[in-house]
Amino acid sequence: MAEPQEKRIDAIQGEIIHVYDGIEEADNALPLWWLWTFYGAIAFAVIYWFNYHEYEVSPLPGEAYTIALQERASGGEVTEELLATIAGDPAAAAEGQTLFATHCVACHEANAAGNIGPNLTDGYWLHGGGIVAIHDTIRDGVLANGMPAWGPTLGATSIQQLTAYLISIRDTNVEGKEPQGELYSPDGEAAEPESDETAGVPAADDEGETAQAEEPAADSSGV
Ligand code: HEC
């Protein structure tokens, strides 16, 4: 039992208002840093609640993750300028080559000269030889014809690097699979005028190489 003690003023703790079992209780004002942390936590909780739950201004982490995944799959905004810049970067093309060795050689062969998939080193393209067309083909695939869509698996950056690599080997004409599709010319000069078909979209009645009227003029890439 604690023996009753006189209230006393402690040099450090101030006035001792209660003693029990030798444990002394003082009654000081709370330190300011503690109080402000406390008030701050309350304010944070209110703002957080309204932001995330009441008005849903910001997406919850799970939703943000889903949005990020969708952006990743779609590749976000790619412009011809962006792709041209990346294609001019040897480091990006080198990364692309590594990715190609991992994901693409099974169908396009190690030297990209074609196997199940077409020869990617010649000047002929089924789905357009322009930089944007190539990018979109890799990203979206040609599912009906056995070319997978790589956007969801590899993400935007990798697709851009793969594009850079393919641009770097375009027209190197490695001997391999015979040409398929239309001859691509950067300026579209050699192209027959055909405007009703967009590059990258295979014709519904795909009759093979030559019937595929991909329009080099549609992607007038100067690259
Ligand atoms: C499962 C086999 C397969 C794999 C793996 C594959 N491709 Fe393909 N790819 C194809 C086929 C088949 C086509 C031709 C599609 C068609 O006939 O429309 C094609 C077409 C393409 C084209 C368009 C060629 C043109 O003439 O327009 C590009 C570009 C391409 N692939 C890039 C890639 C890249 C880059 C990868 C690796 C990330 C890859 N492919 C992996 C099968 C594959």
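Values below: all heavy atoms of this structure, side chains included; hydrogens, waters and symmetry mates excluded. First listed ligand is number 1; within each ligand, the first listed atom is number 1. None of the values given here were measured: they were computed from a predicted structure.
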State the atoms of ligand 1, each with its element, that fall below the 4.0 Å cut-off from a heavy-atom position in [X].
X: L166; result: 29 (C)
X: W150; result: 5 (C), 36 (C), 37 (C), 38 (C), 39 (C), 41 (C)
X: H127; result: 15 (C), 16 (C), 18 (O), 25 (C), 27 (O)

If you measure from [atom] to every heavy atom of [options], which option wins on shortest distance?
atom: atom 13 (C) of ligand 1; options: P179, G128, P118; value: P118
atom: atom 12 (C) of ligand 1; options: I138, D136, N145; value: N145
atom: atom 1 (C) of ligand 1; options: G96, A101, G141, C107; value: C107

query: With no hydrogens and no angle check, is any side-chain donor or acceptor of N115 less than 3.5 Å from a backbone partner on G117?
result: no

message: Tell me whether the rings of Y52 and Y48 are parallel (<30°), tilted (30 to 60°) or perpendicular (>60°).
response: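 The arrangement is tilted - the two ring planes meet at 30° to 60°.
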
Check each heavy atom of [X] against ligand 1 and say whether those closer than 4.0 Å belong to the side chain, the backbone, both or neither.
X: L162; answer: side chain
X: L99; answer: neither
X: W125; answer: both
X: P148; answer: side chain
X: A106; answer: neither

- prompt: Side chains of H103 and W150: does their closest heavy-atom pair fall under 4.5 Å?
  reply: yes

query: Do the charged groups of E109 and K177 touch, with an N to O distance under 4.0 Å?
result: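 Judged by the 4.0 Å cut-off on N to carboxylate O distance, E109 and K177 do not form a salt bridge.
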
message: With rounding to the nearest 0.5 angstrom, report the NE2 to OG1 distance, H108 to T121.
response: 11.5 Å

query: Nearest 0.5 Å, what's the CD-CD distance between Q161 and E95?
result: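 Here the interatomic distance stands at 5.0 Å.
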
message: List the residues meeting side chain to side chain donor-acceptor pair (under 3.5 Å) with N51, not counting sequence neighbours, and say none if there are none.
response: S58

query: Strictly under 2.8 Å, is any N, O or S atom of T137 next to atom 8 (Fe) of ligand 1?
result: no

- request: Inspect the surroundings of CD in E175 and state if more than 12 heavy atoms from other residues, nucleotides or ligands are less than 6.0 Å away.
  value: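 Counting other residues, nucleotides and ligands, CD of E175 stays at 12 neighbours or fewer.
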
query: Are any of the N/O atoms in I116 less than 3.5 Å from those in ligand 1?
result: no

- prompt: If you measure from each heavy atom of H108 to ligand 1, is any distance below 4.0 Å?
  reply: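 So H108 counts as touching ligand 1.
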
- request: Of all the heavy-atom pairs spanning G123 and D171, show the shortest one and how long it is.
  value: CA-OD1, 3.1 Å

